[in-house]
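This report refers to the structure that appears directly beneath it.
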Protein chains: 2
Amino acid sequence: MTETATTERPRIRDAEATQKRILAAARKEFAKSGLGGARVDTIAQRAKANKRMIYHYFKSKEQLFTRVLEDAYADIRTAERKLHLDELDPETAITTLVRFTWRYYQANPEFLTLVNSENLHRARHLKGSARMHELSRPFVGMVADILERGVAAGVFRPGIDAVQLNITIAAIGYYYLTNRFTGAIVYERDLMTKEALDARLAFNIETILRLLRA
Amino acid sequence: MTETATTERPRIRDAEATQKRILAAARKEFAKSGLGGARVDTIAQRAKANKRMIYHYFKSKEQLFTRVLEDAYADIRTAERKLHLDELDPETAITTLVRFTWRYYQANPEFLTLVNSENLHRARHLKGSARMHELSRPFVGMVADILERGVAAGVFRPGIDAVQLNITIAAIGYYYLTNRFTGAIVYERDLMTKEALDARLAFNIETILRLLRA
DNA sequence: GGCAATGCACGTACCGGTTAGTTAAGTCTG
DNA sequence: CAGACTTAACTAACCGGTACGTGCATTGCC
């Protein structure tokens, strides 16, 4: 990203700033209504931009959606890198990852609905995105490393697939949060109180550690 | 349901049959495109019914969606009841439930996308549905029973919340399947081969048993 | 001055929902 | 039990609103 000098006078015409506003508004709108339900006019309004700008910079609603998705994945992967899991002992690293994933999903609920939307469309917007592979590979490799280190240290049992583990860590947080509305009905319980959220995190950490421990 | 006598000549005008065709077509269309992306005209066409019939029987697109959702939950709960988990020993019962859930989601992928769609809309269609509570309560109670029996028999550790367990069993299957498209990109692996699916089921059973065992 | 950034206003297609009317199937009556 | 009557199932055509996308004019910035 370019630096945001504090002394910079606000330009009336600022391509970059406009694009950012459009992307932020689009993320909100797509997250709220899905691809089919999202309205380009609403995005333009919320971005304080003219609809013409959206088509100028992003060509189509679908290409805008693609860009929003890629950015969303880039954001979470960037945040994960900042955890420096490779510097932690295996058990702490995994616990940190479970806790981080949980908190990230809570702080960024749009990520969850965006991913859901993209999967409804069979990931056709991200299919073939080189950027996605660049983002994912280091992350998956990192978790595989933690596992290996854990096995070598004798704290984790051998033979666990890093991909299965990754999916499971995501699943137990993701499902609870995206399906919290139907969940509240099925289980007749408020799943979003502080106590409920804390209990779920503890449960998830327990689930993963029991899965891994030798 | 009324009996379907084999000798019955197909009536030209058959309210019940038409409603069923509409519901089946609607489930498909809503599952494929979400509430916002679904087209009432498409549903009418696929149901071989006039669009007017949809409004006659279901009042609105949203009420049709509500009905489709309720029916989907009724279907899975009915299938679960047929497992007679109360007649199995605790460990077998849980394993059976994990396996059933996994297979049901695979055989009925529309259920997953419908639930996702409803959660995108914060469950406003199912909120206050008495039918949903009637369906859910026995199911949740059943799993709680299995847990209790397992603790009494000394095979499960005490203190596990039945709701957390239920959510986790659903999560580890559900997430893998709904997010299989972005998953294939992130993990650069086909998640839907027979081998991959078998491996996931085994992993999920292991995850749950390790979570429960004393 | 030249070009990128922006705004206006419109086209065209579509979409949820409705109006007005038709026809099949039961049902009442003599 | 035949034929008039009633009701419910069904259809075609349409409407008002809205959605994505664009042509073209304008304006700020280097």
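Not measured: the values here are computed from a predicted model. Each chain gets a letter, A, B and so on, in the order the sequences are listed, and its residues count up from 1.
Of all nucleotides listed (C:dG16, D:dA19, D:dC24), D:dC24 comes nearest to the side chain of A:Arg52.
Around atom CZ of B:Arg122, no more than 12 heavy atoms belonging to other residues, nucleotides or ligands sit under 6.0 Å away.
For the pair A:Lys61 (side chain) and A:Leu35 (backbone), a donor-acceptor distance under 3.5 Å is present.
Among the heavy atoms of the strands, none lies under 4.0 Å from B:Phe58. In this structure, A:Arg39 reaches the sugar-phosphate backbone alone: every heavy-atom distance under 4.0 Å involves primed, P, OP1 or OP2 atoms, never a base. In this structure, A:Ala38 reaches the sugar-phosphate backbone alone: every heavy-atom distance under 4.0 Å involves primed, P, OP1 or OP2 atoms, never a base.
Within the 4.0 Å cut-off from OP1 or OP2 of D:dC10, at least one side-chain nitrogen or oxygen of B:Thr18 is found. Between B:His56 and D:dA8, a side-chain N or O to OP1/OP2 separation shorter than 4.0 Å is absent. At the phosphate of C:dG17, neither OP1 nor OP2 sits under 4.0 Å from any side-chain N or O atom of B:Ser60. Phosphate contact (OP1/OP2 of C:dA4, side-chain N/O of A:Tyr57, threshold under 4.0 Å): absent. One finds no side-chain N or O of A:Tyr55 lying less than 4.0 angstrom from the OP1 or OP2 phosphate oxygen of D:dT22.
The side-chain heavy atoms of A:Ile167 and B:Tyr187, taken from C-beta on, include a pair separated by under 4.5 Å.
The distance between atom NZ of A:Lys61 and atom P of C:dC14, rounded to the nearest whole Å, is 15 Å. The CE-P distance, from B:Met53 to C:dT22, rounds to 16 Å in whole Å. At whole-Å resolution of the value, CG in B:Asp41 and C1' in C:dT18 are 13 Å apart. Atoms NZ (A:Lys51) and P (C:dG7) sit 14 Å apart, rounded to a whole Å. Taking atom CD on A:Gln45 and atom C1' on D:dA19, their separation rounds to 13 Å, with Å as the unit. Here C:dT18 presents its P atom at 11 Å from NZ of B:Lys59, a figure rounded to the nearest Å. Regarding A:Ile54, its CD1 atom lies at a distance of 14 Å from the C1' atom of C:dA5, rounded to whole Å. Between the CG atom of A:Asn50 and the P atom of D:dA25 there is a distance of 16 Å, given to the nearest Å.
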For side-chain hydrogen bond (donor to acceptor under 3.5 Å, both in side chains), just list the numbers for A:Ser129 and A:Glu70, CA-CA rounded to whole Å, side-chain angles, deciding distance to a tenth of an Å, and then say yes or no. CA-CA 8 Å; A:Ser129 158; A:Glu70 286 190 345; 2.8 Å; yes

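Here the options are A:Phe100, A:Tyr176, A:Tyr174, the test is side chain to side chain contact (heavy atoms under 4.5 Å, CB included), and the partner is A:Tyr105; only A:Tyr174 passes.
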